[in-house]
Trainee: 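My questions will all concern the structure given below.
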There are 2 protein chains.
Amino acid sequence: MTGVAAPNAEEAVSLGELEESLGFLLRIAQVHAFQRFYDAFGDGGLRPGEFSVMWVIRLNPGVRQGLLAETLEIKPAQMTKMVRRLEEQGLVRRVIPDYDRRSVQLFLTGQGEAFTEAHGEAFFHHDDHTHLDLSERESHQLAHLLRRYIGLKKGPVE
Amino acid sequence: MTGVAAPNAEEAVSLGELEESLGFLLRIAQVHAFQRFYDAFGDGGLRPGEFSVMWVIRLNPGVRQGLLAETLEIKPAQMTKMVRRLEEQGLVRRVIPDYDRRSVQLFLTGQGEAFTEAHGEAFFHHDDHTHLDLSERESHQLAHLLRRYIGLKKGPVE
DNA sequence: TATTGTTATACTCTATAACTATA
DNA sequence: TATAGTTATAGAGTATAACAATA
């Protein structure tokens, strides 16, 4: 007997213990976050991650590329492509420093500064609590717990 | 002037407002969750998502494939491939019901039942708080807030 | 005509390792 | 010998639309 009769109301699917699984919930949450990002920024051809990279370069001018990759958990090979792309768009400048000519220091160009200046508020607004069924307090708490989850010690916000 | 002097202590990269960005934190958190999953289950060739799919089929025998895809936010084309793969492995059975021969009902095979039975505890344990710097209460709260973030109403756990 | 699932295609993302330049 | 970054390659994941079967 294998359920050949038509189900009455098929719209209820139970998830059981998955509703407590952080891995499962994080995957779904990230699907939503990506969708949210593309709804807000997809037009300009900006990719997820690119804004974050520029933002961190802006806060840490001259940061070494490998350290940036490590911090943002982006693989070196991927970071190379991302930086090259941003360089081609005139947003980022690569500098080979004299004290270690193997390494690459990263800076925003004037255009890159202008871009992050122009879109920073929109970026940080697009995924904040005002677009969610979360209160501001819950949103901060979610961010706090996610930082704990990934082992990120909160540094000074400038 | 482009920072040609060697930095003294280069290991501190500030993230600024990114530390409050849910999209950013969710991406990093998912990288960690994936790594965690592969550390625990990578050997058996199990992919992220496959266990979840089997788990939900087990709780909802005969669930329609499209409804499953919608629930788990997996695209139909991807779900087809995933189900075919699970079918080839003898874990899932596809049934075309008489009441709607366009649709596909999904069931676990005996082997699929055995698999979820054998690995369920390990799966739900591998990403719980005991492996994290989170208390049990914080872990539950994180799950709760993630459910709120994705708009998931918690159903009855069986 | 609309819906369910499948297929085909292309594209992005990712992982890995080999490679170069430099230390 | 070790490190920083790059390149090349292949593999996995994803999006899209066209398609066949059924409703």
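Because the structure is predicted, anything quoted here is derived from the model rather than measured. Chain letters run A, B, ... following the sequence lines, proteins first and then strands; every chain starts at 1.
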Trainee: Can we say B/Lys153 and A/Glu19 salt-bridge, meaning some charged N sits less than 4.0 Å from an Asp/Glu carboxylate O?
Mentor: no
Trainee: Tell me: CG of B/Leu46 to P of D/dG13, nearest whole Å?
Mentor: 11 Å
Trainee: Can you tell me if the side-chain N/O atoms of A/Gln78 get under 4.0 Å from OP1 or OP2 in D/dT6?
Mentor: no
Trainee: Expressed in angstrom and rounded to an integer, what is the separation of A/Leu67 atom CG from D/dA4 atom P?
Mentor: 10 Å
Trainee: D/dT7, D/dT14, D/dG13: which one has an atom nearest the side-chain heavy atoms of B/Arg47?
Mentor: D/dG13
Trainee: Strictly below 4.0 Å: does A/Ser103 bring a side-chain N or O up to OP1 or OP2 of D/dA4?
Mentor: no
Trainee: State whether B/Arg64 places a side-chain N or O below 4.0 Å from either non-bridging phosphate oxygen (OP1 or OP2) of C/dT3.
Mentor: no
Trainee: What nucleotide among D/dT14, D/dG5, C/dA17 has an atom nearest to a side-chain atom of A/Ala77?
Mentor: C/dA17
Trainee: Would you mind reading off the distance between B/Lys81 atom NZ and C/dA10 atom C1', rounded to a whole angstrom?
Mentor: 11 Å
Trainee: Return the value, rounded to whole Å, for the distance between atom CZ of A/Arg94 and atom P of C/dA21.
Mentor: 14 Å
Trainee: Scan for side-chain hydrogen bond (donor to acceptor under 3.5 Å, both in side chains) pairs involving residues 46-59 of chain A, sequence neighbours excluded, and state none if there are none.
Mentor: A/Glu50-A/Arg85
Trainee: Would B/Phe51 and B/His119 count as a close aromatic pair, with their ring centres under 6.0 Å?
Mentor: no
Trainee: Verify side chain to side chain contact (heavy atoms under 4.5 Å, CB included) between B/Leu108 and B/Leu91, making sure each step is shown before the conclusion.
Mentor: CA-CA 6 Å; B/Leu108 292 190; B/Leu91 297 165; 5.8 Å; no
Trainee: Please give, in whole Å, the distance from C/dT20 C1' to A/Ile96 CD1?
Mentor: 13 Å
Trainee: For this output row, return yes or no: ring centroids of A/His125 and A/His131 closer than 6.0 angstrom.
Mentor: yes
Trainee: What's the CE-P distance between B/Met82 and D/dA12, to the nearest Å?
Mentor: 14 Å
Trainee: To the nearest Å, give me how far apart CD (B/Glu70) and C1' (C/dG5) are.
Mentor: 14 Å
Trainee: For the side chain of B/Thr109 and the backbone of B/Gly90, is there at least one donor-acceptor N/O pair under 3.5 Å apart?
Mentor: yes
Trainee: When you measure from the side chain of A/Asp127 to the backbone N and O of B/Leu22, does any donor-acceptor pair fall under 3.5 Å?
Mentor: yes
Trainee: Between the base of C/dT3 and the side chain of B/Arg102, is there a donor and acceptor pair under 3.5 angstrom?
Mentor: yes
Trainee: With sequence neighbours left out, what residues match B/Arg36 under side chain to side chain donor-acceptor pair (under 3.5 Å)?
Mentor: none
Trainee: In which ranges does DNA chain C form stems of 3 or more consecutive Watson-Crick or G-U pairs, distances under 3.5 Å?
Mentor: C:1-23 with D:1-23
Trainee: Would you kindly give the CD-to-C1' distance between B/Gln30 and D/dT14, to the nearest whole Å?
Mentor: 14 Å
Trainee: Nearest to the side chain of B/Arg101 - D/dA23, C/dT6, D/dG5?
Mentor: D/dA23
Trainee: Please pick, from C/dC13, C/dG5, D/dG5, the nucleotide with the shortest atom-to-atom distance to any side-chain atom of A/Tyr38.
Mentor: C/dC13
Trainee: Tell me which of A/Gln35 and A/Pro76 sits closer to the 5' end of DNA chain D, going by the nucleotide each one is nearest to.
Mentor: A/Pro76
Trainee: May I ask you to verify if any side-chain N or O of B/Lys75 is less than 4.0 angstrom from the OP1 or OP2 atom of D/dT14?
Mentor: no
